[in-house]
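Below, read A as the first sequence line, B as the second, and so on, with proteins coming before strands; counting in each chain starts at 1.
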2 protein chains.
Amino acid sequence: MKTRDRILQTSLALFNAEGEANVTTVDIANEMDISPGNLYYHFKGKEEIVGNLFNTFDHEFQQILDAPAAGSLNSEDAWFYLYVVFEHIFNYRFLYRNINDIMERYSGINRQFRRLLFHKLDAADAISKELIEKGIMVIPENQRIRLCENIALNLTFWLNYDQLRRQDMPNELLIHQAVFQIMSIVAPHLAEEFNGFYQECATTYEELAAHILQKARES
Amino acid sequence: MKTRDRILQTSLALFNAEGEANVTTVDIANEMDISPGNLYYHFKGKEEIVGNLFNTFDHEFQQILDAPAAGSLNSEDAWFYLYVVFEHIFNYRFLYRNINDIMERYSGINRQFRRLLFHKLDAADAISKELIEKGIMVIPENQRIRLCENIALNLTFWLNYDQLRRQDMPNELLIHQAVFQIMSIVAPHLAEEFNGFYQECATTYEELAAHILQKARES
DNA sequence: GTCTATATTAAGATAGAC
DNA sequence: GTCTATCTTAATATAGAC
């Protein structure tokens, strides 16, 4: 693997683990057993590394968000879709856990991240409309707008909230928890015949949580 | 006014305006027309200033959160209560807009902020229970737990979300918007006879928003 | 492409005069 | 209490040899 790619890969891992602000160019070089000078041969500095990582993240995210527009949607698809979206966020969690810091220090990212937020809102808007059309969801229009905002807020800041709460969950469970939290926000607006579906999700989540926590305790 | 107090006051204003990380001890001293040396005579460093501001914030917040335990509650009280809570957060918004950064760099604050989050959750828990008892709210228990988490998430990260969205709202409207957003999350769980109350709030909010934005455009 | 050695910068902090 | 002058530290970044 080329040094340039190893730098990106190592940086992402370190940023996710320690937070972008706590990782210096020297740290990245040390972790890879190369010299700082070598790192600066490949990238002008940390900003360029972060920018590269963000662009990859951004590009992939756009594609994920646009995916459901293609196919027809049911309530289980929506659940799976949320899972994919949140997993992608999780893979680049350093961007989210240090969002304000990063947006202040890298002004280029600011604009793009904002655009991504609106993309999230659009996706929530389109999906909620489709669910309403299909009779899966019933909700007054002004509450629907607020619900979409709330979903975007949750997608963007759940990782921060979790960090503040510090429950030290295994990563796998963290993602399930985030998705279930969003499902719970949507649940009161599901048509009555879908209450059962939410309860199934709740049961699935609780069993999974018990199972994962059990495994974590054993090891 | 004593220099020590002026330092705290000036720091709070600068932190709120520019973000804590972007304000140096020299900036604070310059703003007050005193020397950096003088500032360091009063405080050991920025950490002590931030710590002092946080303690004041924390102390006041604890009292605000505990207030409703005293009196009996109706739906209008809850609305007003939210307003008071959020206004206090807004007054110390630098703590919230740089929450991760601050918690990483000031480990003392980390613990206290986490405690405050649980205090928020407890308040949401107590109030939701009271509203249920009084028949104002109807909600399954597992959704109630998630609703409380969602309210705590909104209280803690709404300012970050708003910043990312960058709507450049007048401050007054920003607070109303946050409170109305939280009301909208609760609304689907209000007993039917309180739907009218939510619609009133919605109308009030929309009129207010139109009024404030009109005034802002004129000036 | 990669290394070692060194320069630059900016924030945080202190010493000692007044 | 307040000032000026200066030190320390740590991250970022570059020069030049190999």
Side-chain angles (χ1 to χ4, degrees), chain A residues 1-54 94-95 97-98 100-110, chain B residues 1-55 94-95 97-110:
Chain A
M1 190 184 247
K2 297 242 187 282
T3 301
R4 194 192 139 88
D5 292 327
R6 284 181 55 227
I7 291 172
L8 289 172
Q9 193 193 37
T10 308
S11 299
L12 177 59
L14 284 179
F15 290 163
N16 279 343
E18 327 254 343
E20 182 268 350
N22 303 316
V23 177
T24 70
T25 47
V26 176
D27 291 333
I28 299 167
N30 282 346
E31 177 73 21
M32 299 173 62
D33 282 315
I34 65 168
S35 68
N38 190 0
L39 185 144
Y40 276 93
Y41 171 80
H42 291 281
F43 293 94
K44 235 167 59 189
K46 215 168 88 168
E47 175 151 6
E48 206 176 293
I49 297 176
V50 172
N52 256 274
L53 289 172
F54 180 81
F94 84 95
L95 290 169
R97 286 196 162 145
N98 302 81
N100 300 92
D101 198 31
I102 284 177
M103 302 231 318
E104 268 176 20
R105 289 188 300 124
Y106 307 102
S107 64
I109 291 184
N110 196 313
Chain B
M1 193 186 246
K2 297 240 187 285
T3 302
R4 195 192 137 88
D5 292 327
R6 284 181 56 227
I7 292 172
L8 289 173
Q9 192 194 36
T10 308
S11 299
L12 177 59
L14 284 178
F15 290 163
N16 279 342
E18 326 255 341
E20 181 269 348
N22 303 317
V23 177
T24 69
T25 47
V26 176
D27 292 331
I28 299 167
N30 283 347
E31 178 74 20
M32 298 172 63
D33 282 314
I34 64 169
S35 68
N38 189 0
L39 186 143
Y40 276 93
Y41 170 79
H42 291 282
F43 292 94
K44 236 167 63 188
K46 214 167 89 167
E47 175 151 6
E48 207 176 293
I49 296 176
V50 172
N52 256 273
L53 288 172
F54 180 81
N55 283 338
F94 83 94
L95 289 169
R97 286 195 163 148
N98 302 81
I99 189 164
N100 300 92
D101 198 32
I102 284 177
M103 303 232 316
E104 268 177 19
R105 290 189 298 123
Y106 308 102
S107 64
I109 290 183
N110 197 313

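- Put simply, the side chain of A:Asp101 does not reach to within 4.5 Å of the side chain of B:Asn100, judged on heavy atoms.
- A:Asn22 is linked by a side chain to side chain donor-acceptor pair (under 3.5 Å) to B:Glu104, counting only residues two or more places apart in sequence or in another chain.
- Atom CG in A:Leu95 sits 6.5 Å away from atom CD1 in A:Ile109 (nearest 0.5 Å).
- Not a single side chain to side chain donor-acceptor pair (under 3.5 Å) links A:Asn30 to another residue, sequence neighbours left out.
- Each salt bridge (Lys or Arg N to Asp or Glu O under 4.0 Å) pair with one or both residues in residues 8-17 of chain A, not counting sequence neighbours, would appear here, but there are none.
- Residues from residues 3-11 of chain B with heavy atoms under 4.0 angstrom of DNA chain D, sorted by number: B:Thr3.
- A heavy-atom distance below 4.0 Å to DNA chain D is reached by these residues of residues 34-42 of chain B, ordered by number: B:Ile34, B:Ser35, B:Gly37, B:Asn38, B:Tyr41, B:His42.
- For residues 19-28 of chain B, every residue pair satisfying the salt bridge (Lys or Arg N to Asp or Glu O under 4.0 Å) rule, not counting sequence neighbours, is listed here: B:Glu20-B:Lys46, B:Glu20-B:Arg105.
- Within the model, atoms CZ of B:Arg97 and CD1 of B:Ile99 stand 13.0 Å from one another, a figure rounded to the nearest 0.5 Å.
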In a table with atom names and distances, give each donor-acceptor pair under 3.5 Å that connects a side chain of residues 3-16 of chain A to protein atoms at least two apart or in another chain.
| unit_1 | atom_1 | unit_2 | atom_2 | d |
| --- | --- | --- | --- | --- |
| A:Arg4 | NH2 | A:Asn52 | OD1 | 3.2 |
| A:Arg6 | NH2 | A:Met32 | O | 3.3 |
| A:Thr10 | OG1 | A:Arg6 | O | 2.7 |
| A:Ser11 | OG | A:Ile7 | O | 2.7 |
| A:Asn16 | OD1 | A:Arg93 | N | 3.2 |
| A:Asn16 | OD1 | A:Phe94 | N | 2.8 |
| A:Asn16 | ND2 | A:Asn91 | O | 2.9 |

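- Screening residues 24-52 of chain A for ring-ring contact (aromatic ring centres under 6.0 Å, His included) gives no qualifying pairs among residues at least two apart or on separate chains.
- Only B:Thr24, B:Thr25, listed by number, bring a heavy atom of residues 16-28 of chain B to less than 4.0 angstrom from any atom of DNA chain C.
- Using a 4.5 Å heavy-atom threshold, the side chains of B:Val26 and B:Pro36 count as touching.
- Residues satisfying the side chain to side chain donor-acceptor pair (under 3.5 Å) test with B:Asn98, not counting sequence neighbours, are none.
- Here D:dA11 presents its P atom at 11 Å from CG of A:Asn30, a figure rounded to the nearest Å.
- Reading DNA chain C from its 5' end, the first and the last nucleotide to sit under 4.0 Å from a heavy atom of chain A are C:dG1 to C:dT4.
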